[in-house]
Amino acid sequence: MPLAAKSHDLSVHSEEQVPRRRLLAWFSSVGLFGSAVLAVISDLVFFKPRVTYSPSARFSIGKPDDFPPGTRIARDVDRVCIVRDGNRMAAISTTCTHLGCIVSISDTGFSCPCHGSRYDQDGNVTGGPAPKALPWFKVTLAPNGELEVDKNSQIQPGTYFNV
Amino acid sequence: MSAPVTNNKVGQASACQADGPEARPTFLTALRELPSNVWSSIFRHPLPSTDLERSQTSFTNFFLHLHPVKVHRNTLRPVYTLGLGLISLFLFLILVVTGILLMFYYVPSTTQAYDRMLDLRGTVAFGIFLRNMHRWSAHGMVAMVFLHMCRVFLTGAYKKPREFNWVLGVVLLLVTLFMSFTGYLLPWDQLAFWAITVGTSIAGYAPLIGSQIKFLLLGDTTVGQEALLRFYVLHVAVLPAVLSLLVAIHFWRIRKDGGLSRPGNAGGLGPFPGPAAGESGIVRMRLEPGKRVFGLQGFVRGPFTKIGNTSDDSVYSWPNLLMAELFVFVLTVSIVLVVSLAFNAPLEQPVNVMHPPNPAKAPWYFLGLQEMVSYSAFWGGIGVPTVFVLLLFLAPYIDRDLKGVGRWFARERLLANTVFLTLVVLNVIFIIVGTFFRGPNWTFVSPF
Amino acid sequence: MRLALAIASFVVLIVHGVVFYNQFVHRWERHQTAYFEQARSMSTRAEERADLEARTPSVEQTIVTSFGETRVDRCTTCHMAADDPRFAGHAEPLKAHPYSAAMGDVFRNGHWERRHKFSDFGCTVCHDGQGRGLETHYSHGEDEFWPEPLLGYVTQATWRKDFEPHLKGKEYMEANCAQCHTSEDFAGTPHVNRGRKLFYAMNCYGCHKIDGLSEGTLGPDLTEVGKKFKVDYLWESIVEPRANLATSFMPKFNLSDDDVKALVVFLKSRRGVNFAETSLDRYKAHVANIAVVIPPGTAGEKAGEQLITDRACTACHKLGNRDGGVAPDLSYEGLEHDRDWMMAHFKNPRSRIPDSIMPSFRFPDEDFDRISSYLVSLKTAPPPMSPEETYKALCARCHGDKGDGNGKVAWYIDPSPRDFTKPSFMSTKPRERFISSIKDGVPGTSMPVWGHVLDDTQVNAVLTYILQTFTHEPEHVIKRNLPDRNRVATSKDSITHGEQIFLQRCTGCHGRKADGKGPNSLDIMPHPRNLRNSWFVDRLTDRRMMESILYGVQGTAMPPWIDYGLSQHDVGDIMNFIRSLNFGDRLQNPRLLGISLTVPEIRSTPHARN
């Protein structure tokens with residue numbers, strides 16, 4: 001394509017000078033850019049899973065009567081420790097906050113076999129490399145009369161559920 | 001893209017031109033000439049014997065168009081680059097080939113992956129060998145890429161105009177690490193599972209977004225089938241594509257930056273006619289109206305496309321650069337083969353989610369991180385590494401002095417080199433400590 | 001161009017927006033928000049109300065792994081109130097799942113406790129359906145590609161409309177209860193229990209195998225039929241056995257809809273799984289050799305009779321008060337065949353009746369012995385009856401109530417029972433031939449020897465009855481001028497020439513192998529004769545064979561070949577050829593050629609032909 005002749009003409013009617021062209025260019029860019037943005041957001045939404053195949057975060061542990069006062073029992077499959085103190089109930093996570101191992105119940109609270117983290121009865125860190133305390137999970141009473149633990153809801157440690 | 005027939009060739013009919021009434025070749029002659037016709041239709045230019053022909057190889061061969069016509073002598077000095085970039089590239093090629101072959105037998109399913117690994121080790125022809133090659137090339141590539149970065153830094157080759165190429169290189173380092181990390185999980189044995197559990201937990205320490213990132217990466221809250229699938233897709237499709245693209249741009253930038261760095265003029269371009277000393281050396285396009293040009297190369301009027309008008313410090317790519325590359329390739333492949341023959345890649349027990357090993361260690365290139373994490377989760381896992389990576393990214397924009405480029409350990413760059421080496425050595429020490437000196441519960445143990 | 005680009009870009013933006021929006025609008029979200037609102041209004045605790053206020057719709061699922069494969073049940077995403085007793089009276093999908101004592105639920109301390117907890121069982125293990133779907137069309141199994149639609153609630157578009165009303169009803173779910181509750185009289189599975197009883201009572205067990213229940217090898221193995229097929233297929237297979245396989249010889253039983261439903265529920269429960277039993281139990285059931293003992297069997301009878309029940313002979317035959325409706329009546333077997341005949345027939349039925357469909361059972365010899373002993377003992381002749389009664393009692397089973405050869409078991413017999421209503425056949429054959437057929441039987445076919453069951457007077461009376469009632473035409477036999485014996489000597493050349501003519505003229509109906517299975521044979525009734533049926537062919541006199549070929553057989557498709565240029569000499573060659581196909585060495589024994597055997601000695605066994 002011969003370069004010399006036409007370039008002169010092109011420069012005369014630039015985008016800035018023709019309002020119609022500006023408008024159309026604006027439309028095009030809004031349309032294309034907007035689509036691109038929507039596409040990117042869709043990709044991110046796609047990437048975040050809506051369901052996982054691990055056991056449900058919210059699960060039933062049984063009736064209140066199944067846990068007599070003074071119970072302190074670890075459910076390794078669910079990675080949670082159920083505590084009943086009088087008529088108050090709590091569910092403390094047994095996943096070590098260091099690197100995810102399962103802590104076991106010890107006389108003084110919890111201890112982790114992987115890297116030596118130590119926790120007290122309420123899950124506060126007393127030794128080892130763990131950076132944070134063990135989270136407490138929300139305990140509720142379901143309509144069918146059973147207790148439910150929701151691992152997606154963390155509550156303030158020390159908050160008990162009254163049965 | 002050969003030169004046009006000029007007037008002094010009038011009278012000389014070229015071989016394929018018709019001369020006279022009996023122009024059409026008969027079927028039999030076509031048959032007889034078939035082999036040579038086929039050959040010459042593929043390889044249309046003779047093996048070079050003149051400088052012109054040597055120059056033309058960069059324009060007449062698809063694969064060789066990567067090369068400039070001439071390279072500076074310094075580029076080919078083994079002790080300058082140690083061939084580290086090339087080694088990294090060739091290791092990547094080996095990884096791609098062995099990886100694709102392994103894909104024919106591997107299944108990314110938590111119930112099948114380990115069994116498939118056993119099959120690869122036991123029954124698949126060359127299975128154990130391919131897997132070894134893949135594993136050792138992977139470790140090799142991480143190490144070589146890291147050493148390549150060290151070389152580039154210590155020779156000051158990240159300075160202007162090569163800043164962005166350096167940034168690309170750091171990105172490539174991170175992608176390489178990510179590739180190795182995603183591949184590490186695939187055998188689905190205890191080693192793989194817990195290494196990735198540790199690694200992703202470290203990622204989870206990031207403030208605010210840490211748990212979200214971890215969830216996105218794993219597709220779940222813990223390492224499981226979703227994580228295996230995501231890591232597999234990243235490892236075999238997404239990251240190789242990204243890596244290839246970035247490598248292509250990396251090479252393009254090398255050409256555009258005027259080739260590898262070398263001692264001498266600032267900007268590293270050497271004493272040529274062309275851009276004066278001190279100028280940026282970026283090759284500018286100059287349109288010359290009226291002249292006939294053939295192809296893109298004709299536009300580029302930088303120093304290296306001048307034929308017969310260059311200094312003595314440069315040599316033709318053909319055959320020198322090509323031979324050097326081939327040599328490095330052969331060396332790389334040989335070493336990988338020997339190592340793969342001698343050492344087997346590890347395959348530990350099948351995954352047992354209830355039985356974390358004590359200690360659970362991340363892959364070796366992250367052990368420095370893990371060691372630091374044992375001192376402080378946030379600073380060791382997120383803070384310090386982020387600072388280090390940021391420093392790497394910003395190095396060419398902080399250190400603007402153009403002196404000392406093209407030489408190892410140039411005195412003018414003592415400060416930069418010292419800082420860099422200190423951090424590198426620290427990281428290496430942490431890795432060594434993490435590998436050999438840490439035992440159960442991450443207590444200090446003696447390896448002797 | 002700019003305008004086109006601008007418009008296209010905007011259109012693409014709108015489309016992206018629609019796609020984006022589409023992914024965020026789901027029907028289940030509306031059900032969930034409805035549940036949150038209603039539950040909130042019913043709630044008595046402030047804490048619970050606050051929780052419900054804060055809750056946003058999300059996919060609810062139960063993952064169940066204790067029943068073999070992993071089940072992911074997302075039913076509660078819409079059926080949010082399944083475990084909320086306050087919603088007992090609401091409309092679906094927000095209706096609470098009912099409680100009942102029949103399902104093991106217990107009423108204690110003022111509220112129900114569910115025995116089959118959803119967290120342990122999920123939903124699909126009892127209801128079927130597609131757990132992973134989130135739209136009704138998929139989750140309820142209305143999609144015809146889904147193999148397990150909701151049992152008893154859903155019919156699929158490809159199902160036959162006339163079956164649909166039968167296939168709905170909660171009782172179908174009993175099939176899934178039986179996956180764990182396998183005992184025969186479990187109160188919760190009455191239809192399964194009834195179906196199981198019918199499985200025995202209707203003799204299904206004789207042809208069909210179900211691991212742990214029966215051994216039959218004639219029909220398909222039904223151990224996992226409930227897993228392989230949906231209820232519409234099961235229903236159809238019972239009421240129309242030939243709907244899916246035209247050559248099936250499964251009888252068409254006359255069952256009431258209730259009975260069919262019970263059988264379908266029982267068969268649907270055969271899923272090859274029994275969650276309550278161990279792998280070892282299952283394996284043992286699979287390899288066990290089931291000796292079937294059915295309720296009517298009374299102790300103390302002869303071993304052979306017991307064996308007949310155990311081995312389900314009455315799944316096909318008639319004996320006593322059981323009748324399979326497929327095979328001949330054995331009630332007078334001791335009068336019709338001798339022991340040697342029975343043993344040979346047992347080992348290979350085709351050694352006596354070449355086109356029989358009775359399978360060669362691989363029972364031990366002593367079983368055959370005992371059964372034969374029992375059958376031989378059935379020597380009691382029927383009481384004297386009128387010809388009409390005699391016909392109905394003895395002949396109608398094969399020849400049909402209307403005498404048209406379409407009796408109950410006619411379809412299973414080859415050669416087919418004679419059609420008496422065809423005057424062109426019946427009136428052109430001499431009476432003596434019919435008498436002989438009745439008295440002496442027709443060897444090589446299922447026509448028994450009635451000579452020991454009926455006396456001559458009775459035989460004559462029945463024949464007269466048949467001719468008068470069904471044929472309606474007087475005898476009109478054409479006398480042909482033919483020699484009694486084949487004039488052409490048997491020689492290699494004669495046989496070769498006969499074979500040539502046979503191959504040119506006869507194979508179209510009689511087949512290349514002369515077995516009556518030529519390409520035209522399917523459309524002809526009666527079928528062309530199987531000329532390798534030695535028991536039959538050997539009993540033909542030369543004269544009869546010559547007449548059949550030269551002058552044809554009126555009332556059948558056998559043409560008069562004299563009209564097509566065959567001479568007597570040609571026919572003689574053909575006859576030599578045909579004879580050479582049967583009991584070959586009899587050629588050396590002239591006594592056996594051309595002589596019709598009278599009442600065959602019951603004890604004689606001409607040739608063991610295996």
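Lettering of chains follows the sequences in order, A, B, ..., and the numbering in each one begins at 1.
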> Picking from B:Asp220, B:Leu218, B:Thr222, B:Thr221, what satisfies side-chain contact (heavy atoms from CB on, under 4.5 Å) with A:Thr52?
Replying inline: B:Asp220

> Rounded to the nearest 0.5 Å, how far does CH2 of B:Trp194 lie from SG of A:Cys101?
Replying inline: 5.0 Å

> CD of B:Glu226 to OH of A:Tyr53: how many Å apart, nearest 0.5 Å?
Replying inline: 6.5 Å

>> I need the minimum non-hydrogen distance between A:Pro49 and B:Gly219, along with the two atoms involved.
In response: CG-O, 3.3 Å

> Minimum heavy-atom separation for B:Arg230 to A:Phe47, with atom names?
Replying inline: NH1-O, 2.6 Å

> Which bit of B:Val223 is near chain A, if near means a heavy-atom gap under 4.5 Å: side chain, backbone, both or neither?
Replying inline: neither

> Side chain, backbone, both or neither: which part of B:Phe378 has an atom under 4.5 Å from a heavy atom of chain A?
Replying inline: neither

Counting only heavy atoms from other residues, nucleotides and ligands, does the tally under 6.0 Å from [atom1] of [X] exceed 12?
{"X": "B:Phe436", "atom1": "CZ", "result": "no"}
{"X": "B:Trp364", "atom1": "CH2", "result": "yes"}
{"X": "A:Arg20", "atom1": "CZ", "result": "no"}
{"X": "B:Leu208", "atom1": "CG", "result": "no"}

>> Quick check on A:Thr97 against chain B: is it the side chain, the backbone, both or neither that has a heavy atom closer than 4.5 Å?
In response: backbone

>> So for A:Arg79, is it side chain, backbone, both, or neither that comes closer than 4.5 Å to the heavy atoms of chain B?
In response: side chain

> Do A:Lys48 and B:Phe215 pass the side-chain contact (heavy atoms from CB on, under 4.5 Å) test, and can you show the C-alpha distance, the side-chain angles, and the key distance before you say yes or no?
Replying inline: CA-CA 8 Å; A:Lys48 186 164 171 212; B:Phe215 187 69; 4.0 Å; yes

